[in-house]
Structures are given as structure tokens and as C-alpha cells.
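First comes the structure, then the notes that go with it.
Every heavy atom of this structure was used, including side-chain atoms; hydrogens, water molecules and symmetry mates were not. Just follow the structure's listing: the first ligand is 1, and inside any ligand the first atom is 1.
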Amino acid sequence: MKFNLVLVILVLIQQSTADYYKTKPSFVKTCVRRDPEFEDCSKQAVQQLFDALGPGLPEIDLPKLDPLKIPMIRILQGEGPVNVNAALDDVIVTGFGKTEVQLSQVDSKTYDFYTRVRVPKMRIEGTYDLKGKILLIPLVGRGQCWFEPTNMTIDIVSDVKLYEKDGFTFFNVTSAHVKYSIGGLKLRMNNLFDGIKSLEETTNAYLNENWRPVSESLRPILSKTIEDILLGFMQRLFNNLPGNFMIEDVKIPSKKYDKKDKV
Ligand SMILES: *[C@@H]1O[C@H](CO)[C@@H](O)[C@H](O)[C@H]1NC(C)=O
Ligand SMILES: *[C@@H]1O[C@H](CO)[C@@H](O)[C@H](O)[C@H]1NC(C)=O
């Protein structure tokens, strides 16, 4: 099936004038690549990063990850089971602060990150304006809405390039790819059909009863939203945090390594 998805998320993270961390901040745990316990260490280190991102890092101009405020999301999706023209404004996402890191791996050659996290309960609320079809049901309306996915497991593959600055090695996260599964979804759209109450109630009930196909149909939209959010946060974080503080023996991009060197 071909999706023509156009999604616009208003840039969350403004330009920063802050300077990068010159000394290791307290929320960073340093791991050693050559250490056989690296994966375990890295999992704890990434957990500490998420714990610090929750309340925000004002010193590098990073807003709170929980609650996360997104001024607007615009969705235009032509084909497929979801046929949606939607706007979501003044969006507030809560739950990322309780993120549990389950796995963290770093590719030994490319330094790409592979991370698996679990978000027990997430809530997305905002003001919607919708005209389209979900599960073949034509939906029109505008008003308040919320979505609550539970037990979300997210696999994130991040493409990383290394660069050098002031003798440090930095991670340039160039893209992120997300796959997720959820254990449940509750949702509510107020004022569907511009307030025809009986239709609003039956439709909301139907969407909740059929949460699995509903969540499948929202997958491209939600995947892209999570990708954009995580990428924005990772880019700001790692452009301001020398990779050497995370991985003590991170390679130096300009150095030529012999085959016998374990890098
Ligand atoms: C959450 O989802 C994972 C993976 O799908 C599953 O193994 C686990 O049992 C679920 N946990 C809860 C509390 O539902
Ligand atoms: C990061 O990678 C992007 C895409 O390859 C590139 O345009 C950008 O200049 C890189 N940034 C740094 C600081 O190397």
C-alpha cells in the first residue's frame, strides 16, 4: 500500500546560543567500548539521559521532554485506510519522562545507535480539526481530543556520523527510524460531527472498541511524529555533549586505525 503522508510538526527546538558542555555533566555515565559490560553500561547511561531530558536541560536550551509542548502538527494523508486532513494544535504529550530503556547498542563500525525503550503510558492531547476517513468512517469535527497509548515499546535506529571539535569527538545524529508496538489505545474526540451528540458518542465508542485497527491506521502518522521528536532532542543533546563523555574510547574520526586496533 502506498501512503502519501505529508506531516508538518512545528519546530520544537529553537536555535541555541548556549555553549556545549566542556566538562562532563553529572547526568552522564561514561562507558568503555572495549569493556565486555559495555551494553549494560550503555543501557544505564541512556536511561540517565532520558531521566535528565524529562525536566529539560536549560543550559543547552533543551525544553522539557515531559510534558512536551508542540504548537502544531499538520497532517495530509491521501491514500490508504486513513484518509486524513488534520490539524492538531497546542499539543501536550505527557509520559516520556517515565521512559524505561530496555536495550542500548552502538554499532562497532558506524556508531549508529540501536535503542529499545518502553513508555508505560503516554497521553497526547490538543485541539483537533479533522476531515477524513479512519476505518472507512468519514469523520469531521473540531474540538478537544486526547489519545492514550499504553505499554508502548519503541525501537529506534539512529544514523550517526562522527565529527571532531576542539579535540573532542561528537555524534552527529543525521536521522532516526522508529518502529513501535502498543498494548492498548484509548481515545476521545469531542465535538465530532460538529456536536451531533449521538453520533459523537457512538463513533468514539466504535473507535475505542476497534483500537487495534485504529492504531494501525494511525501508525505512519505516529511513527513520523515520534521520529521527529526524538531526532530533534538527540541532535540538540549530542551537538552539545562531547561523545567522549559517553564513550571514553570513542574513535577519533581523523585518525587512521590499524586492523589490529579494536575500534
Ligand atoms: C508490554 O509489551 C511487551 C512487548 O509487546 C510485552 O512483552 C509485555 O508483557 C507488556 N507489558 C504489559 C505490562 O502489558
Ligand atoms: C551533520 O550531518 C549533516 C548531514 O550529513 C551535515 O549536513 C552537517 O553538516 C553535519 N554536522 C556537523 C556538525 O558535522
Side-chain angles (χ1 to χ4, degrees), residues 9 11-22 39 43 46-47 49-50 57 60-62 93-107 109-124 147-187 208-219 222-224 226-247 250-256 263:
I9 300 179
V11 182
L12 302 165
I13 299 176
Q14 311 297 328
Q15 283 292 332
S16 173
T17 50
D19 206 0
Y20 72 84
Y21 291 110
K22 296 274 169 28
E39 206 174 302
K43 179 178 138 182
V46 175
Q47 181 68 60
L49 290 185
F50 269 98
L57 295 168
I60 55 165
D61 295 328
L62 250 184
V93 183
T94 44
F96 276 121
K98 297 254 160 51
T99 299
E100 298 160 9
V101 177
Q102 295 188 326
L103 184 73
S104 169
Q105 294 174 336
V106 179
D107 188 282
K109 289 208 176 62
T110 62
Y111 278 80
D112 291 346
F113 305 151
Y114 174 58
T115 319
R116 178 178 296 152
V117 301
R118 176 175 176 266
V119 185
K121 189 173 175 179
M122 190 189 294
R123 182 178 166 96
I124 303 160
F147 297 84
E148 271 183 14
T150 47
N151 192 24
M152 183 182 273
T153 303
I154 313 173
D155 283 300
I156 313 152
V157 179
S158 312
D159 297 322
V160 174
K161 282 186 182 147
L162 301 180
Y163 66 97
E164 252 175 286
K165 190 164 76 179
D166 306 336
F168 287 121
T169 298
F170 283 81
F171 300 123
N172 184 2
V173 184
T174 53
S175 63
H177 310 277
V178 154
K179 275 195 187 138
Y180 71 87
S181 67
I182 59 173
L185 175 70
K186 287 186 183 149
L187 63 114
N208 278 279
E209 276 157 26
N210 294 283
W211 68 267
R212 213 172 260 289
V214 168
S215 80
E216 278 315 308
S217 66
L218 294 174
R219 184 176 287 281
L222 203 48
S223 300
K224 181 76 168 62
I226 296 172
E227 269 170 22
D228 284 7
I229 293 168
L230 291 177
L231 184 61
F233 275 82
M234 285 194 288
Q235 285 178 332
R236 169 59 53 83
L237 178 65
F238 289 117
N239 277 328
N240 287 284
L241 181 68
N244 310 71
F245 296 159
M246 293 293 298
I247 302 177
V250 66
K251 73 178 168 191
I252 304 161
S254 62
K255 185 171 179 260
K256 295 271 178 287
V263 294

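Of all the heavy atoms in Ile182 and Pro149, the pair that sits closest is CG2-CB, 4.0 Å. Residues Tyr180 and Ser215 come closest through the heavy atom pair OH-O, 4.1 Å. The shortest non-hydrogen separation linking Asn208 to Leu185 is OD1-O, 4.1 Å. Across all non-hydrogen atoms, the minimal contact from Asn239 to Tyr20 is O-CB, 4.2 Å. Contact record, Leu162 with Lys251: CD1-CG, 3.6 Å, taken as the closest heavy-atom pair.
Below 4.0 Å from some heavy atom of Asn172 lie the following atoms of ligand 2, by number and element: 1 (C), 2 (O), 3 (C), 8 (C), 10 (C), 11 (N), 12 (C), 14 (O). Close contacts between ligand 2 and Lys161 involve ligand atoms 5 (O) [criterion: under 4.0 Å to a heavy atom]. Ligand 1 places these atoms under 4.0 Å from at least one heavy atom of Asn151: 1 (C), 2 (O), 3 (C), 8 (C), 10 (C), 11 (N), 12 (C), 14 (O). Below 4.0 Å from some heavy atom of Arg118 lie the following atoms of ligand 1, by number and element: 13 (C).
Within the 4.0 Å cut-off (strictly below), no protein heavy atom is located near atom 9 (O) of ligand 2. Counting only heavy atoms, the protein gets under 4.0 Å from atom 5 (O) of ligand 2. Under the 4.0 Å distance rule, the nearest protein heavy atom to atom 14 (O) of ligand 1 falls inside the cut-off.
Tested against Phe238, the residues Phe113, Phe170, Phe233 include a single ring pair (Phe, Tyr, Trp, His ring centres under 6.0 Å) partner, Phe113.
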